[in-house]
Amino acid sequence: MASMLEFRTPGFNPYAVKYSPYYDSRIAVAASANYGIVGNGRVFCLGLSAAGIQIEKTFDTNDALYDLAWSEINENQLVVACGDGSLKMFDLGVDQFPIMNFHEHRRETFSVCWNPCTKDTFLSSSWDGTVKIWSPTRNASLKTLPIGCCTYSAAFNPKNPAIVSAVSSDSNLRIFDLRTPSSAKYHLTTMIPVHAPPSAGPVLPRLADGQTYAGAVPAEILTHDWNKYRDTVIATAGVDRLIRTFDIRNPTGGPLAVMAGHDYAVRRVAWSPHAPDILVSASYDMTVRLWSDGCMLPPLPENTIRSGAQVGLMNRHTEFATGVDWCLFGAGGWVASVGWDERVLLWDANTVLGR
């Protein structure tokens, strides 16, 4: 592959990588010693220059780090999700110690997401079965959304600050609307059983390749992401290796598209900020793959589920690929990926697109 930059994180196994929403030359990596099982964590803030990838700042934590999110209101601040159940906010202008500590989760905090609309809140999800919403200026959470089981990923809708989504170990995708009364199911408005067949219609739908889609055995959902152009569409993935897309306006209609190709569990998916049909996935099979969900193609016959197509493959990681993110700037195609091989790879997705 022609265009690729590499950075090593010796002694630390990365779990997540995020591009700065302010600069195309800055990324951050959340990493853990001993694969996150026991030991410290470290945040790497990296700058991209003509000399390659350079360390701008590192912060050490007493426990493993599983995710991070850049602040949407301060270009020098970020929040990390810790194995001890806490979230810590660091500032690149302040040495060593976090400027804020948020600690209400009772088990590992596994994901964190900043609100991209109002920019004044962020959320976290935890293995304790809750999603919490926070203000960066308050130690106590603003709201707790009960899930009831291990919650691997939660996110804000990219266009509506009141819509929150979460996926968990019970195979469900949940949608919360914070505008509804908390007495009404704690703001829960939609629950989509990801592995169930569509409930509407007497006939099971067919995939575009002609096979009958009868659903699947429920399995843990490890990741999801909102489409940046179609703000009712979500991609989910996890232990069963399949990536599915859903439209939350039709919660019983089954998936819009199914993408198959990974050999092991999918750890992270991310929709492109530059195209409505492209997403990238990172998997325990050590690969990072690019997909098209086919939404730009002509409509299919009724009762047909589209088979998304793999349009690119990056297989330079030599351990579990655990994190991936798109650069928001430029011509559209730069991707950062990380894996347990202690490597951060930055590459141009256009060099692996097969179209």
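Here, residue 1 is the first one in the sequence, and each next residue gets the next number. All of these numbers come straight from a predicted model, not from anything done at the bench.
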Minimum heavy-atom distance between [X] and [Y], given as atom pair plus value:
| X | Y | result |
| --- | --- | --- |
| Val288 | Ala321 | CG2-CB, 4.1 Å |
| Leu145 | Val164 | CD1-CG1, 4.1 Å |
| Gly339 | Thr322 | CA-OG1, 3.8 Å |
| Pro136 | Asp120 | CD-O, 3.2 Å |
| Asp67 | Ser111 | OD2-CA, 3.3 Å |
| Ser126 | Arg107 | OG-O, 3.2 Å |

Interatomic spacing from [atom1] in [X] to [atom2] in [Y] - rounded to 0.5 Å:
| X | Y | atom1 | atom2 | answer |
| --- | --- | --- | --- | --- |
| Arg306 | Leu256 | CZ | CG | 9.5 Å |
| Ser283 | His317 | OG | NE2 | 11.5 Å |
| Cys45 | Phe59 | SG | CZ | 5.5 Å |

With side chain to side chain donor-acceptor pair (under 3.5 Å) as the rule and sequence neighbours excluded, what pairs involving residues 33-43 come up? Arg42-Asp60
Aromatic ring pairing Tyr66/Phe110, orientation class (parallel under 30°, perpendicular over 60°, tilted between): tilted
Residue of the set Thr245, Asp277, Asp293 for which side-chain hydrogen bond (donor to acceptor under 3.5 Å, both in side chains) holds with Arg230: Asp293
Salt bridge between Asp128 and Lys132, side-chain N to carboxylate O under 4.0 Å? no
Is it true that Asp225 and Lys228 have a side-chain N and a carboxylate O under 4.0 angstrom from each other? yes
Under 3.5 Å, is there a donor on one side chain and an acceptor on the other for [X] and [Y]?
| X | Y | value |
| --- | --- | --- |
| Thr212 | Arg206 | yes |
| Asn115 | Thr118 | yes |
| Trp134 | Ser124 | yes |
| Thr130 | His105 | yes |

Side chains of Asp325 and Val335, heavy atoms from C-beta outward: is any pair under 4.5 Å? no
Side chains of Thr151 and Ser153, heavy atoms from C-beta outward: is any pair under 4.5 Å? no
Checking one residue: Leu173. Which other hydrophobic residues are in its cluster under the side-chain 4.5 Å linking rule? Ile163, Val167, Ile175, Ile192, Val194, Ile221, Trp226, Ile234, Phe246, Ile248
Let me see the working for Asp91 and Lys57 under salt bridge (charged side-chain N to carboxylate O under 4.0 Å, His left out), right down to the final yes or no. CA-CA 10 Å; Asp91 190 304; Lys57 198 88 169 182; over 6 Å; no
Output, in order, the C-alpha distance, side-chain angles, deciding distance and verdict of ring-ring contact (aromatic ring centres under 6.0 Å, His included) for Trp70 and Tyr22. CA-CA 9 Å; Trp70 284 98; Tyr22 295 93; 8.1 Å; no
Test: Arg106 cationic atom under 6.0 Å from Trp127 six-membered ring centre, within 45° of axis: no
Among residues at least two apart in sequence or on other chains, which ones pass side-chain contact (heavy atoms from CB on, under 4.5 Å) with Ala265? Leu222, Tyr284
side-chain hydrogen bond (donor to acceptor under 3.5 Å, both in side chains) partners of [X], counting only residues at least two apart:
| X | result |
| --- | --- |
| Thr9 | none |
| Asn76 | Arg26 |
| Tyr213 | Arg244 |

Could you tell me whether Phe102 and Phe122 have their ring centroids closer than 6.0 angstrom? yes
For Asn350, does the CG atom sit with more than 12 other heavy atoms under 6.0 Å from it, leaving out its own atoms? yes
Are Val17 and Trp334 connected in the hydrophobic side-chain network, where two residues link if heavy atoms are under 4.5 Å apart? yes
